[in-house]
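Working notes for the structure below.
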Amino acid sequence: MPKSRIRKKADYTPPPAKQATALKLTNRAWVAPVMLALFLIGLAWIVVFYVTDGSLPIDALGNWNIVVGFGFIAAGFGVSTQWK
C-alpha cells in the first residue's frame, strides 16, 4: 500500500500589529494646585467664620459666609474634573 503524502502546514503568521494612535494630552499641571487652593480657601473661610463667632471674614454676610466657604469647596470639586 502506498504511503500517503504528509501535508505541510503553513507556518503561523501573526496578524499585523495595529498602529497606536497618539493621544494628545494637554498639559494640565495647573489643575492640582488650583484645586487644592480652592479646597483650602473654602476650609479656611469656614474655620475663620466659626472661630471669630461670625465677625470675620465678612461681617455683613452673616451665616452666608458658610455658603461662600462651601462655594469655594464646590469650585475645587469642579476644577478636579479637569484632572487627568
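Hydrophobic cluster membership differs between Val48 and Trp64, with clusters built from Ile, Leu, Val, Met, Phe, Trp and Tyr side chains linked at under 4.5 angstrom. Hydrophobic cluster membership is shared by Ile73 and Ile58, with clusters built from Ile, Leu, Val, Met, Phe, Trp and Tyr side chains linked at under 4.5 angstrom. Under the 4.5 Å side-chain heavy-atom criterion for ILVMFWY residues, a single connected hydrophobic cluster contains both Met35 and Phe77.
With a 4.5 Å cut-off between side-chain heavy atoms of Ile, Leu, Val, Met, Phe, Trp and Tyr, the cluster of Leu43 takes in Val47, Val51.
The shortest heavy-atom contact between Ser55 and Thr52 is OG-O, 3.0 Å.
Side-chain contact check for Val79 versus Trp30: some heavy-atom pair is nearer than 4.5 Å.
Across Ile66, Asn65, Leu40, Leu56, a single residue satisfies side chain to side chain contact (heavy atoms under 4.5 Å, CB included) together with Trp45, and that is Asn65.
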